[in-house]
Amino acid sequence: MERTTNLIMNILRVVALTVVVFLCPGCNEQNSPIDQHEKVYRALLLDGNRLLEKKKYQRAADLFTEAVSREPEKAEGYLTRGIAYICLEQYKKAIVDFTRAIQNDRTLAIAYANRGIAYDHLGRHREALFDYQTALSINPETGKGPGFMERFLHNKPKTPDLRERVKFLEETLKTQQTTENG
């Protein structure tokens, strides 16, 4: 179990860093023509991701909170803080942040997928299924990274990819509905 948890946290840290690199062009550029406010914002995101790598999740969340306060209209601050909240097993807070990320960028498939994972943890399978399906409709490649779903889902003998999880939840919900109606 501890080995799986460590693997999960390592995958989360890679995803969070990837998000910052892809959503924050120029974050690693020292002489970018970005105003000082933007540089501070980006530095907070990068520093927060470094803390995620060191498993200092609360401190990372605090830095992401500061980033969000500086740039509340940007999705990546909410997305990375949501990932920190998942690491802290604060799934309700994670859902709030992923929802804000989605409100700021409705095309951000990874925010839907991560919110789905948080819903899955809370047993809210209909919402999880909806978010997984939405993520895949936006970007069919979502969740194909190494062990993406292994992060949090332990209710199947073989760790599913996102498409397998969607199928599993559809079947489970169909069976539950049949049982409730019959």
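Residue Ile83 comes nearest to Phe98 through the heavy atom pair N-CZ, 3.6 Å, listed as atom of the first residue, atom of the second, then distance. Closest non-hydrogen pair, Ala113 versus Ala135, comes out as N-CB, 3.8 Å. Taking both residues in full, the closest heavy atoms of Ala75 and Leu108 are given as CB-CD2, 3.8 Å, listed atom of the first, atom of the second, then distance.
At least one donor-acceptor pair under 3.5 Å links the side chain of Arg163 to the backbone N or O of Pro140. Within the 3.5 Å criterion, the main-chain N or O of Pro72 finds a donor-acceptor partner in the side chain of Tyr78. Ser69 contributes a side-chain N or O that, together with a main-chain N or O of Glu66, makes up a donor-acceptor pair within less than 3.5 Å.
The hydrophobic clustering, which links ILVMFWY residues whose side-chain heavy atoms are closer than 4.5 Å, places Leu173 and Phe130 apart.
Side-chain atoms of Glu71 and Glu38, non-hydrogen and from C-beta on, do get closer than 4.5 Å to each other.
Within 6.0 Å of the CZ atom in Arg59, the count of heavy atoms belonging to other residues, nucleotides or ligands does not exceed 12.
If you check the side chains of Asn49 and Glu53, you find no donor sitting under 3.5 Å from an acceptor. Side-chain contact check for Glu170 and Tyr132: no donor-acceptor pair (N or O, by modelled atom type) lies under 3.5 Å.
Taking the side-chain hydrogen bond (donor to acceptor under 3.5 Å, both in side chains) definition, one finds that Asn139 meets it with nothing, sequence neighbours left out.
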For this session: Test salt bridge (charged side-chain N to carboxylate O under 4.0 Å, His left out) on Arg50 and Asp47 and set out the steps.
Result: CA-CA 5 Å; Arg50 287 186 189 109; Asp47 289 346; 2.8 Å; yes
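Going from atom CD1 of Ile95 over to atom NE2 of His121 covers 10.5 Å, rounded to the nearest 0.5 Å.
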